[in-house]
Amino acid sequence: MEKFLIVFRGATVGESEGPRHNPLQWDAWFDGLGAALVDRGALSHGSVEVPTRLIGPKLSSSALSGYCLVTAADFNEAVRLAESSPIFDEQGSVEIAHLMA
């Protein structure tokens, strides 16, 4: 089995607006991953981007919403695991990275 990082991206949400995630829906999804879930990771309330060392942080345009680590036989299986993620109900997306040993 290979390891894959699933990064959740969603609409930009400021810290003062609080979380947009439905915790019960996310808990159910993480539980449904079963043994494939290596690290539940974390969900975020918002993110900032630091484009260079010379420019201060700005609200991220890609809105990092969280991450988790899973095992899968290949990219296709990792995609199948990710495509049922609640992030899509929040008008978000995922990015999947194959981690090297």
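None of these values were measured; they are calculated from a predicted model.
- Residues that satisfy the ring pair (Phe, Tyr, Trp, His ring centres under 6.0 Å) test with F30, not counting sequence neighbours, are W26.
- Across every non-hydrogen atom of G10 and S65, the tightest pair is N-OG, 3.1 Å.
- Heavy atoms only, all atoms of each residue included: G66 and S44 are closest at N-OG, 4.0 Å.
- Side-chain contact between L33 and V70: present, with at least one pair of heavy atoms (C-beta onward) separated by less than 4.5 Å.
- F8 contributes atom CZ, which lies 10.5 Å from atom OG of S93 (distance to the nearest 0.5 angstrom).
- In this structure, the salt bridge (charged side-chain N to carboxylate O under 4.0 Å, His left out) partners of E95, at least two apart in sequence or on a different chain, are R9.
- One distance of note links CD1 of I6 with CG of L81; it measures 6.0 Å at 0.5 Å rounding.
- In this structure, the side chain of T71 does not engage the main chain of M1 through any donor-acceptor pair within 3.5 Å.
- Every pair passing side-chain hydrogen bond (donor to acceptor under 3.5 Å, both in side chains) that includes a residue from residues 72-84 is listed here, sequence neighbours excluded: W29-S84.
- For L69, the side chain to side chain contact (heavy atoms under 4.5 Å, CB included) test picks out K3, V38, D39, L99, with sequence neighbours left out.
- Distance check: I96 CD1 to L5 CG gives 9.5 Å after rounding to the nearest 0.5 Å.
- Atom CG of D27 sits about 9.0 Å away from atom CG of N22, to the nearest 0.5 Å.
- Heavy-atom minimum distance, R40 versus C68: O-CB, 3.5 Å.
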